[in-house]
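The next block holds one structure in the form of structure tokens; read it before the comments.
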2 protein chains.
Amino acid sequence: MKRIAESTVRRLSIYLSFLEDIGARGALTTSSDDLARLGGTTSAQVRKDLSFFGSFGKRGLGYSVPELSSRLREILGLERQWRVCIVGAGKIGSALARYAGFAERGFMVSGVYDSDPGKIGKQWGGVTVLDIADLERDIVARQYHIAVLAVPAEEAQVLVDRMVKAGIKAILSFAPTQITVPADVTLRTVNMAMELEGLTFALTNRGADR
Amino acid sequence: MKRIAESTVRRLSIYLSFLEDIGARGALTTSSDDLARLGGTTSAQVRKDLSFFGSFGKRGLGYSVPELSSRLREILGLERQWRVCIVGAGKIGSALARYAGFAERGFMVSGVYDSDPGKIGKQWGGVTVLDIADLERDIVARQYHIAVLAVPAEEAQVLVDRMVKAGIKAILSFAPTQITVPADVTLRTVNMAMELEGLTFALTNRGADR
DNA sequence: GCTAGCTTGTGAATTAAATCACAAGTTAGA
DNA sequence: TCTAACTTGTGATTTAATTCACAAGCTAGC
């Protein structure tokens, strides 16, 4: 398979979310044009994105909503359960641990880790806070697929290195810092400061460039 | 000015964060190569990114850390204070309202809004929860620059439309849905589900494409 | 003042992503 | 069965982003 651009994968997520939405409302078929309008792109882009994975529509008719949903879920790897651990039980970790959206989408949060003895052992949204010292052991023993990192910038890289060494292959980081991982590990970073700076840049330079 | 790519702006944020880091550790000069290594890119990319805004280095010597920091802060619009409101006082809104990182970076959270009468009036990390019915009035009266949206998917677009009508020009959305705004409004979206799906896609298709 | 060693800034070349545009299917209706 | 109206899938084209590669500028040491 050809390398798929991250932007394409992001759009697949958007398409799926719409398909599920209109599917729940009873729609049986849809078109690349519908998906484009709702997803803020063009119909050619939609068809090109899908074409990387196969041919899911019927010319003249469009796409079957349940079928395309199902294919996209397959492509995105959502037809199975994924074990997730949350590393860091601060404000963000806490909010994430209590976030119901995880379970709904097949992500099982099966461990929250922190180093604060005052937190270890506490129950948090159905999950017990565990000792971060056991992180490597648990990555192996519990076979976590995804680690969600919610720790201060200073601790982030060290923890990532530990997790990578223990075999984790996918990390979602909320730490406000740049992290590096080996090529066989996938890292996505959500950095509030960076997003806000994108906005202030636009507010500051608006008009100058468009 | 030529239109600047979002990817460039993101990298500027990264460069700035490193400059502040090494500046605090006493470094006086740095090079495009240093910035590239730390930011996971190439030195040519760093120089090209900066070249859109001017010429900040000295050939043979590199960049002055304090000077480049300052110029980047200027470019990103960080040399001033920005008034931020948080819309939605649920789990995420709560975590954001209490997040200290805002103030540190010049973002003043001066209002949190919700429709739940049980929450309105409560004090939250130094900010009172206000009635979301007053949102439009306050966008005008308090001159919010940025709205951070942390509400369920169903309410997101309606609230955005209301805010846009009232004159808001920058929105950071944490709502798990696609939102559309007019061209003169800047929107950044952080969508947990999409990030996780990016990871599961990689986990599922790993090896096939690299 | 001259040379050697660096590092920037930037056109040119390359690579990647998005858009265009149209042949090829599909359906419905006469 | 034939035609009109659609909509997909995909090469070809265009646009955007990244990388290359090197002249030009700066510093330190002699």
Side-chain angles (χ1 to χ4, degrees), chain A residues 1-15 18-19 22 27-69 71-72 75 183 198 201-202 209-210, chain B residues 1-15 18-19 22 27-69 71-72 75 178 183 198 201 209-210:
Chain A
M1 188 195 287
K2 197 170 155 289
R3 162 142 174 64
I4 303 297
E6 188 178 305
S7 52
T8 296
V9 179
R10 299 192 100 88
R11 283 191 298 269
L12 294 181
S13 283
I14 295 174
Y15 304 153
F18 277 118
L19 286 165
I22 63 173
L28 292 177
T29 64
T30 187
S31 66
S32 57
D33 208 50
D34 288 347
L35 290 171
R37 202 142 2 83
L38 296 163
T41 180
T42 65
S43 62
Q45 179 78 76
V46 173
R47 297 197 299 275
K48 181 70 87 180
D49 285 339
L50 296 176
S51 78
F52 292 131
F53 302 95
S55 160
F56 309 125
K58 280 209 176 65
R59 293 173 190 226
L61 192 65
Y63 302 91
S64 147
V65 171
E67 197 206 315
L68 187 55
S69 296
R71 302 305 302 268
L72 284 180
I75 290 165
F201 174 83
D209 58 321
R210 54 168 166 170
Chain B
M1 187 196 287
K2 199 172 154 288
R3 165 148 170 64
I4 303 297
E6 187 178 306
S7 51
T8 296
V9 179
R10 300 193 100 89
R11 284 191 298 267
L12 294 181
S13 284
I14 296 175
Y15 304 153
F18 276 118
L19 286 166
I22 63 174
L28 293 177
T29 64
T30 187
S31 66
S32 58
D33 208 50
D34 287 348
L35 289 171
R37 201 145 359 86
L38 295 163
T41 179
T42 64
S43 62
Q45 179 78 79
V46 173
R47 296 197 300 275
K48 182 69 88 181
D49 286 339
L50 296 177
S51 78
F52 293 131
F53 302 96
S55 161
F56 309 125
K58 280 208 177 63
R59 293 173 190 226
L61 191 65
Y63 302 90
S64 148
V65 171
E67 196 206 314
L68 187 56
S69 296
R71 303 305 301 269
L72 285 179
I75 290 165
Q178 189 75 0
F201 175 83
D209 58 322
R210 53 167 170 174

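The chains referred to below are lettered A, B, ... by the order of the sequence lines, with proteins before strands, and numbering in each begins at 1.
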To the nearest 0.5 Å, how far apart are [atom1] in [X] and [atom2] in [Y]?
| X | Y | atom1 | atom2 | result |
| --- | --- | --- | --- | --- |
| I22(A) | T30(A) | CD1 | OG1 | 4.0 Å |
| L28(B) | E67(B) | CG | CD | 12.5 Å |
| L72(B) | L50(B) | CG | CG | 6.0 Å |
| F18(A) | L68(A) | CZ | CG | 13.5 Å |

How many whole angstroms separate atom [atom1] of [X] from atom [atom2] of [N]?
| X | N | atom1 | atom2 | result |
| --- | --- | --- | --- | --- |
| F53(B) | dT10(C) | CZ | C1' | 16 Å |
| R3(A) | dT15(C) | CZ | C1' | 13 Å |
| D33(B) | dT8(C) | CG | P | 8 Å |
| E6(B) | dA17(C) | CD | P | 15 Å |
| D49(A) | dA16(C) | CG | P | 17 Å |

If we only count heavy atoms from C-beta on, is the [X] to [Y] side-chain gap below 4.5 Å?
| X | Y | value |
| --- | --- | --- |
| I4(A) | F53(A) | yes |
| R10(A) | F201(B) | no |
| V9(B) | F52(B) | no |

Next item on the list: Provide the closest heavy-atom pair for L19(B) versus S69(B) in the form atom of the first, atom of the second, distance.
Entry: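 Where L19(B) meets S69(B) most closely, the heavy atoms are CB-OG, 3.3 Å.
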Next item on the list: Pick base, sugar-phosphate or nothing for S7(A), based on heavy-atom distances below 4.0 Å to the nucleic acid.
Entry: sugar-phosphate
Note to self: Using a 4.0 Å cut-off on heavy atoms, which residues in residues 56-68 of chain B reach DNA chain C? List them by number, or say none.
What the structure shows: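 DNA chain C contact set from residues 56-68 of chain B: F56(B), G57(B), K58(B), R59(B), G60(B), L61(B), G62(B), Y63(B).
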Note to self: Reading DNA chain D in the 5' to 3' direction, which nucleotide is the first one with an atom under 4.0 Å from a heavy atom of chain B, and which is the last?
What the structure shows: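 Listed 5' to 3', the contact boundaries are dA17(D) to dC26(D).
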Notebook entry, point to check: Between A44(B) and R47(A), which is nearer to the 5' end of DNA chain C once each is assigned its nearest nucleotide?
Noted result: A44(B)
